[in-house]
Chemist: 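Provided herewith is a single structure, encoded as structure tokens, for subsequent inquiry.
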Amino acid sequence: MSDDPWILLVEDSEPDVVLIQLGLAGLENPPKTKRAEHGRAALDLLGRCVDHGEPLPAVILLDLHMPVLDGPGFLSQLRANPDLAHLSVVVLTTTSSPVEVRQAHALGANAFLVKPVYPEKFTEMMATLDEFWLRQACPPT
């Protein structure tokens with residue numbers, strides 16, 4: 001497996017997945033992505049990466065409202081796992097509720113972004129995300 005940085009997209013909405021992937025595809029060097037439809041599937045995927053010595057994602061894009069294990073539940077379990085607690089998590093969701101923003105940060109989210117209303121804005125948001133989280137930010141050592 002390549003050591004190029006990749007993004008884990010934890011999202012249950014197929015239309016949102018398509019918009020995010022289109023936004024990433026519009027970049028000069030689109031990062032690879034893997035998707036999990038809910039928090040439990042994401043934790044399982046990350047556990048397999050650890051078990052097999054595979055690279056972990058440079059950043060996790062996390063929706064808050066999902067079945068099986070929602071965003072807050074995922075964050076709680078991720079931060080409690082010593083093998084995964086260091087990972088960067090950007091909440092990307094439709095809500096801008098101050099209560100949910102505070103809760104996400106209290107549970108260990110590194111950033112909180114509201115999904116754009118217009119599809120073309122996803123490209124701008126993904127370009128900014130790519131530049132900071134994959135190109136500029138220093139990964140944990």
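Index from 1, following the sequence.
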Chemist: Counting only N and O atoms by type, is there a donor-acceptor contact under 3.5 Å from the side chain of W6 to the main-chain atoms of P55?
Modeler: yes
Chemist: Answer whether the closest heavy-atom distance between the side chains of L45 and C49 falls below 4.5 Å.
Modeler: yes
Chemist: For residues S76 and L107, report the shortest heavy-atom separation together with the two atoms involved.
Modeler: OG-CD2, 3.3 Å
Chemist: Roughly how far, to the nearest 0.5 Å, is the CG atom of L61 from the OG1 atom of T33?
Modeler: 9.5 Å
Chemist: Could you pull out the closest heavy-atom pair between V114 and L92, with the gap in Å?
Modeler: C-CD1, 4.3 Å
Chemist: Measure across P116 and K121 and return the closest heavy-atom pair with its distance rounded to 0.1 Å.
Modeler: CB-CB, 3.4 Å
Chemist: Mind checking whether L24 and P31 have side chains closer than 4.5 Å, heavy atoms only?
Modeler: yes
Chemist: Please lay out, stage by stage, how H105 and E100 fare under the test side-chain hydrogen bond (donor to acceptor under 3.5 Å, both in side chains).
Modeler: CA-CA 9 Å; H105 284 295; E100 290 188 310; over 6 Å; no
Chemist: Looking at side-chain heavy atoms only, is the closest gap between S88 and I60 below 4.5 Å?
Modeler: no
Chemist: Check whether F132 and M125 end up in the same hydrophobic cluster, where Ile, Leu, Val, Met, Phe, Trp and Tyr are linked by side-chain heavy atoms less than 4.5 Å apart.
Modeler: yes
Chemist: A side-chain contact here means heavy atoms from C-beta on lying under 4.5 Å apart; do L75 and V89 qualify?
Modeler: yes
Chemist: Got L64 and T95 here, is their nearest side-chain heavy-atom distance under 4.5 Å?
Modeler: yes
Chemist: Could you check whether any side-chain N or O of D12 sits under 3.5 Å from a backbone N or O of E37, counting only pairs where one atom can act as donor and the other as acceptor?
Modeler: no
Chemist: Looking at D4 and K32, is there a salt bridge between them, counting it only when a charged N and a carboxylate O are closer than 4.0 Å?
Modeler: no
Chemist: I need the I20 CD1 to E11 CD distance, nearest 0.5 Å.
Modeler: 5.5 Å
Chemist: How many angstroms lie between atom NE2 of H65 and atom OG of S13, to the nearest 0.5 angstrom?
Modeler: 12.5 Å
Chemist: Which heavy atom of A104 sits nearest a heavy atom of F112, and at what distance?
Modeler: CB-CD1, 3.8 Å
Chemist: Is there a side-chain contact between L69 and Q77 in this structure, where contact means two heavy atoms from C-beta onward sitting under 4.5 Å apart?
Modeler: yes
Chemist: I'd like to check K115 versus D16 (side-chain heavy atoms, cut-off strictly below 4.5 Å). Are they in contact?
Modeler: yes
Chemist: Could you pull out all residues at least two apart from D44 that satisfy salt bridge (Lys or Arg N to Asp or Glu O under 4.0 Å)?
Modeler: R40
Chemist: Using the rule given for side chain to side chain contact (heavy atoms under 4.5 Å, CB included), can you reason through V10 versus H38, listing the C-alpha separation, both sets of side-chain angles and the distance that settles it, and then say yes or no?
Modeler: CA-CA 6 Å; V10 187; H38 50 75; 5.7 Å; no
Chemist: Between V18 and L27, is there shared hydrophobic-cluster membership here, with clusters defined by ILVMFWY side-chain heavy atoms closer than 4.5 Å?
Modeler: no
Chemist: Indicate yes or no: at least one non-hydrogen side-chain atom of L84 is less than 4.5 angstrom from one of V50.
Modeler: yes
Chemist: Starting at CZ of R35, measure out to CD1 of I7 and round the result to the nearest 0.5 Å.
Modeler: 14.5 Å
Chemist: Between L46 and P57, what is the shortest heavy-atom contact and its length?
Modeler: CD2-CD, 3.5 Å
Chemist: Please give me the minimum heavy-atom distance between T123 and L22, naming the atom from each residue.
Modeler: OG1-O, 4.4 Å
